[in-house]
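Since we're looking at a predicted model, the values are computed, not measured. Excluded from the calculations below are hydrogen atoms, water molecules and symmetry mates; all remaining heavy atoms, backbone and side chain alike, are included.
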Amino acid sequence: MTWAQVVVLSIVQGLTEFLPVSSSGHLRIVSELFWGEDAGASFTAVIQLGTELAVLVFFAKDIWRILTGWFAGIVDKHKRGFDYRMGWMVIVGTIPVGLAGVLLKDLIRENFRNLWITAAVLILFSFVFIAAERRGTKARGFDELTMRDAIVMGLWQCLALIPGVSRSGGTISGGLLRNLDREVATRFSFLLAIPAVLASGLFSLPDAFDPQAGQAASGAQLLVGSGIAFVLGYISIAWLLKFVSNHSFAWFSAYRIPLGILVMLLLATGVMQPY
């Protein structure tokens, strides 16, 4: 990969990872449009470590409280409060995407990266946002989260393995359909993504240097790319949490649908290739 590719794609990753617009879909589109070649799922997974570091820093107090509460509950059953249960919710909610990631590895790295699929999903999943906003009561608070919520949102997270869906969009939609408050669903979505994205990035690290599909990147490029993604990801988290407190997720459909249509037009006219 060239340094220009790394910088541009890292900026795209940082800006789009936490917004319900699909960072993997944007990386796929930008790679094909400007360089005529897919950067690859491994590169995407590795620079996601930068944005996940942003989550760790932004939610450091919450994560520490959950971890200490979980370990305390493991040692002493009398200390099994909400944070103990939250720890298990994150663990159990991560299992579906972990299993799907292992079982569908080849599809994720090759077949799912067809730009026709990405464009179609950008459009179709936008209507899921709209339906979730309309159907969800948004009446349940953070202390009302249950294991069933975690499992449902974890299953929705599996859809994010398809570029164009959006990890945050999928899990937040699942939370809204469970009648969670929009900000509660967003915060839990971020926490739920941490184990899955960290595992995916570390697992994909060797392939990023010598990929079976996509382009290879140097260690310096991956480090710089992750750093750029971290800074912009941190800013994106703060902005999104402020946005969702007063605005509907359906607004993002007004961006996703035209983008999906544009990609389809570029594919149909031969300006872009599906692979």
Side-chain angles (χ1 to χ4, degrees), residues 13 17-18 20 22-24 41-42 44-74 80-109 112 125 132 140 142-163 165-178 180 183-205 207 226 229 233 237 240:
Q13 166 66 20
E17 169 67 15
F18 302 111
S22 179
S23 60
S24 59
S42 295
T44 299
V46 173
I47 62 171
Q48 279 181 334
L49 292 174
T51 44
E52 281 313 297
L53 180 59
V55 174
L56 293 176
V57 174
F58 194 94
F59 292 103
K61 291 183 180 180
D62 294 315
I63 294 169
W64 178 252
R65 190 187 68 248
I66 292 169
L67 282 174
T68 53
W70 185 75
F71 279 112
I74 291 291
R80 294 178 179 179
F82 178 75
D83 290 325
Y84 170 78
R85 295 195 300 275
M86 177 62 73
W88 279 115
M89 281 186 247
V90 172
I91 293 170
V92 173
T94 302
I95 293 174
V97 74
L99 291 175
V102 173
L103 296 175
L104 303 176
K105 177 182 175 181
D106 292 335
L107 288 174
I108 294 167
R109 298 191 175 190
F112 285 171
F125 209 79
R140 298 174 56 216
F142 204 80
D143 58 347
E144 296 177 271
L145 277 166
T146 66
M147 184 61 75
R148 179 173 293 183
D149 297 323
I151 294 172
V152 169
M153 292 177 71
L155 290 170
W156 279 84
Q157 185 173 216
C158 294
L159 295 175
L161 297 174
I162 305 172
V165 172
S166 165
R167 185 185 304 275
S168 62
T171 51
I172 293 169
S173 293
L176 291 176
L177 290 171
R178 291 285 299 162
L180 292 174
E183 187 172 352
V184 171
T186 303
R187 285 181 172 273
F188 187 67
S189 170
F190 290 156
L191 294 174
L192 193 61
I194 293 172
V197 175
L198 288 178
S200 175
L202 294 174
F203 181 76
S204 300
L205 193 57
D207 287 338
S226 297
I237 294 171
L240 183 62

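Here the straight-line distance linking atom CZ of Arg65 with atom CG of Asp83 works out to 4.5 Å at 0.5 Å rounding. Put simply, CG on Leu191 and CD1 on Ile63 are 6.0 Å apart, with the number rounded to the nearest 0.5 Å. Atom CG of Leu49 and atom CG of Leu53 lie 9.0 Å apart (nearest 0.5 Å). In this structure, Phe112 CZ and Leu104 CG are separated by 5.5 Å, a value rounded to the nearest 0.5 Å. Atom OG1 in Thr146 sits 3.5 Å away from atom CG in Asp149 (nearest 0.5 Å). We find the OG-CD distance between Ser189 and Glu183 to be 13.0 Å, quoted to the nearest 0.5 Å.
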Apply side-chain contact (heavy atoms from CB on, under 4.5 Å) to Asp62 and Arg187, showing your working.
CA-CA 10 Å; Asp62 294 315; Arg187 285 181 172 273; 4.0 Å; yes

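For the pair Phe190 and Leu240, the minimum side-chain heavy-atom distance is below 4.5 Å. Counting heavy atoms from C-beta outward, Thr51 and Gln13 have side chains that approach closer than 4.5 Å.
Taking every heavy atom of both residues into account, Ala132 and Leu177 meet most closely at CA-CD2, 3.7 Å. Annotation for Pro20 and Gly169: closest pair CB-CA, 3.7 Å, computed over non-hydrogen atoms. The two residues Glu52 and Leu198 have their closest heavy-atom pair at CB-CD2, 4.0 Å. Phe59 approaches Ile237 most closely through the heavy-atom pair CE1-CG2, 4.1 Å. Minimum heavy-atom separation, Ala100 to Leu161: CB-CD1, 3.6 Å. Taking both residues in full, the closest heavy atoms of Phe125 and Trp156 are given as CZ-CZ3, 3.6 Å, listed atom of the first, atom of the second, then distance.
Using modelled atom types, one side-chain atom of Ser168 and one backbone atom of Phe18 make a donor-acceptor pair closer than 3.5 Å. The closest donor-acceptor contact from the side chain of Arg140 to the backbone of Arg178 lies under 3.5 Å. At distances below 3.5 Å, at least one donor-acceptor pair connects side-chain atoms of Thr171 with backbone N or O atoms of Arg167.
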Could you pull out every donor-acceptor pair under 3.5 Å between side chains of residues 84-96 and any protein atom, sequence neighbours left out?
from, atom 1, to, atom 2, distance (Å)
Tyr84, OH, Trp88, NE1, 3.1
Thr94, OG1, Val90, O, 2.6

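Within a 6.0 Å radius of CZ in Phe71, no more than 12 heavy atoms belonging to other residues, nucleotides or ligands are found.
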